[in-house]
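Have a look at the structure below, then the notes.
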2 protein chains.
Amino acid sequence: MVKRTSFEHDDCPVARALDAIGDWWSMLIIREALFGISRFSEFQKRLGLAKNILTVRLRALVDQGILKTAPASDGSAYQEYLLTPKGRGVFPILVALRQWSEEFDERPQEIATILVDKEKGKPVRKLELHSQDGRLLSAADTALKPRATGKQSRRVMA
Amino acid sequence: MVKRTSFEHDDCPVARALDAIGDWWSMLIIREALFGISRFSEFQKRLGLAKNILTVRLRALVDQGILKTAPASDGSAYQEYLLTPKGRGVFPILVALRQWSEEFDERPQEIATILVDKEKGKPVRKLELHSQDGRLLSAADTALKPRATGKQSRRVMA
DNA sequence: CAACACAGTTTAATAATGCAACCATCGGAG
DNA sequence: CTCCGATGGTTGCATTATTAAACTGTGTTG
């Protein structure tokens with residue numbers, strides 16, 4: 001890619017999120033981190049990406065407050081990369097991606113894992129979007145409203 | 001980049017989803033499409049991307065069954081790009097991205113739009129993940145289980 | 001103290017963007 | 001019928017991201 005158009009100052013929250021974690025590797029790094037991976041070499045082995053890229057990605061994630069470095073709790077020397085609350089907040093996005101694959105992939109049998117709830121070991125339900133008074137909402141039931149305060153915009157999302 | 005590692009045959013559903021819609025533009029194109037945009041020039045104007053890139057992205061999205069081309073319902077000649085069910089299924093992912101920005105962005109006041117429910121015009125609640133018996137689940141309440149049938153794997157997600 | 005693992009950095013090659021200019025088709029005005 | 005602008009692209013070239021692989025500098029093990 002080139003000059004990778006930054007969406008950092010876009011007023012659309014989707015664009016902002018993509019700017020932060022919208023590349024292939026960042027999301028997968030966070031996925032691994034949520035699974036408990038914290039060491040450089042572990043990320044590298046599991047994801048199979050080039051080490052320089054991993055370096056850059058980890059640094060970017062740390063800069064954005066998604067990961068933080070800690071002085072290696074286990075063993076000694078070296079540091080480890082831990083998720084911040086902001087990083088753990090990515091979980092629903094990963095679930096959404098997972099469920100989309102599960103629902104629409106043309107070869108779902110190749111999908112190796114199922115997300116289950118720990119207590120019962122049964123698959124989770126689909127993510128649900130509710131209104132404030134509790135109605136289940138689909139895309140068609142929603143709309144975008146400009147924020148009350150601040151400059152208005154024609155930028156949208158759905 | 002180089003040889004852009006494809007995750008198409010990865011057994012992790014997150015990776016598969018990212019392989020399909022994990023680049024900056026595809027997600028935004030789908031966002032616009034969900035908002036009703038269907039014409040090439042409309043996408044181009046609203047997103048401000050280069051036309052060649054738009055061409056490639058649209059074709060890829062059509063190939064993947066996320067968009068389909070129709071012979072221009074309105075006016076005449078030219079075609080339009082419409083979402084398939086698979087494309088509309090991306091909605092929760094966009095909502096998850098949006099809510100992540102809303103919750104963790106350091107300058108939330110720059111975010112221009114709010115997702116509301118059409119009926120009441122009030123902001124929606126956060127996406128919720130439930131177990132089959134209805135308990136609200138957080139990341140910590142979940143685990144990954146290998147699929148019953150098929151080759152097992154150490155590939156994970158959280 | 002030699003070998004090895006960890007956590008990177010550097011380098012060179014290559015593939016993916018982006019920009020701009022070009023081309024083809026359609027519909028409408030004259 | 002012809003010219004013109006808008007639509008929907010395609011082509012080329014410059015720029016940048018990503019990669020693999022080699023190299024560096026620590027710490028740790030034997």
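In what follows, every chain begins at residue 1, and chains take the letters A, B, ... in the order their sequences are listed. Predicted model, so just to flag it, every value in this text is computed and none were measured.
In terms of phosphate contacts, A:R39 brings a side-chain nitrogen or oxygen within less than 4.0 Å of OP1 or OP2 of C:dA7. Phosphate proximity of D:dT18 to A:W25: absent, as no side-chain N or O sits under 4.0 Å from OP1 or OP2. Contact annotation: A:Q79 side-chain N/O to C:dC6 OP1/OP2 distance is not under 4.0 Å.
Listed here is the closest heavy atom pair of A:L49 and A:Q44: O-NE2, 3.1 Å. What you find for B:L67 and B:T84 is that their closest heavy atoms are C-CG2, 3.8 Å.
B:D23 places its CG atom 15 Å from the C1' atom of D:dT18, with the value rounded to the nearest Å. To the nearest angstrom, P of D:dT7 lies 13 Å from CD1 of B:I37. As a whole-Å value, the separation of A:K45 NZ from C:dC6 C1' is 10 Å. One can place CG of B:L49 at 7 Å from P of C:dG18, the figure rounded to the nearest angstrom. Atoms OH (A:Y78) and C1' (C:dG8) sit 11 Å apart, rounded to a whole Å. A:F43 places its CZ atom 11 Å from the P atom of C:dG8, with the value rounded to the nearest Å. The distance between atom CH2 of B:W24 and atom P of D:dT16, rounded to the nearest whole Å, is 14 Å. Following rounding to the nearest Å, A:L47 (CG) and C:dA7 (C1') show an atom-to-atom distance of 16 Å.
The pair A:D117-B:R135 counts as a salt bridge, with a side-chain nitrogen and a carboxylate oxygen less than 4.0 angstrom apart. Here B:R57 pairs with B:D23 in a salt bridge; the nearest charged N to carboxylate O distance falls below 4.0 Å.
Within 6.0 Å of atom NZ in A:K126, more than 12 heavy atoms from other residues, nucleotides or ligands are found, so the atom counts as buried in its surroundings. Within a 6.0 Å radius of NZ in B:K118, more than 12 heavy atoms belonging to other residues, nucleotides or ligands are found.
Residues from residues 50-63 of chain B lying near DNA chain C, meaning a heavy-atom separation below 4.0 Å, are B:A50, B:N52, B:I53, B:R57 in numerical order.
A:Y81 comes within 4.0 angstrom of the backbone, heavy atoms only, and of no base. Contact annotation for B:Q44: no contact, since no heavy-atom pair falls under 4.0 Å across all strands.
For the residue pair A:R88/B:S138, the side-chain donor-acceptor check at 3.5 Å is not satisfied.
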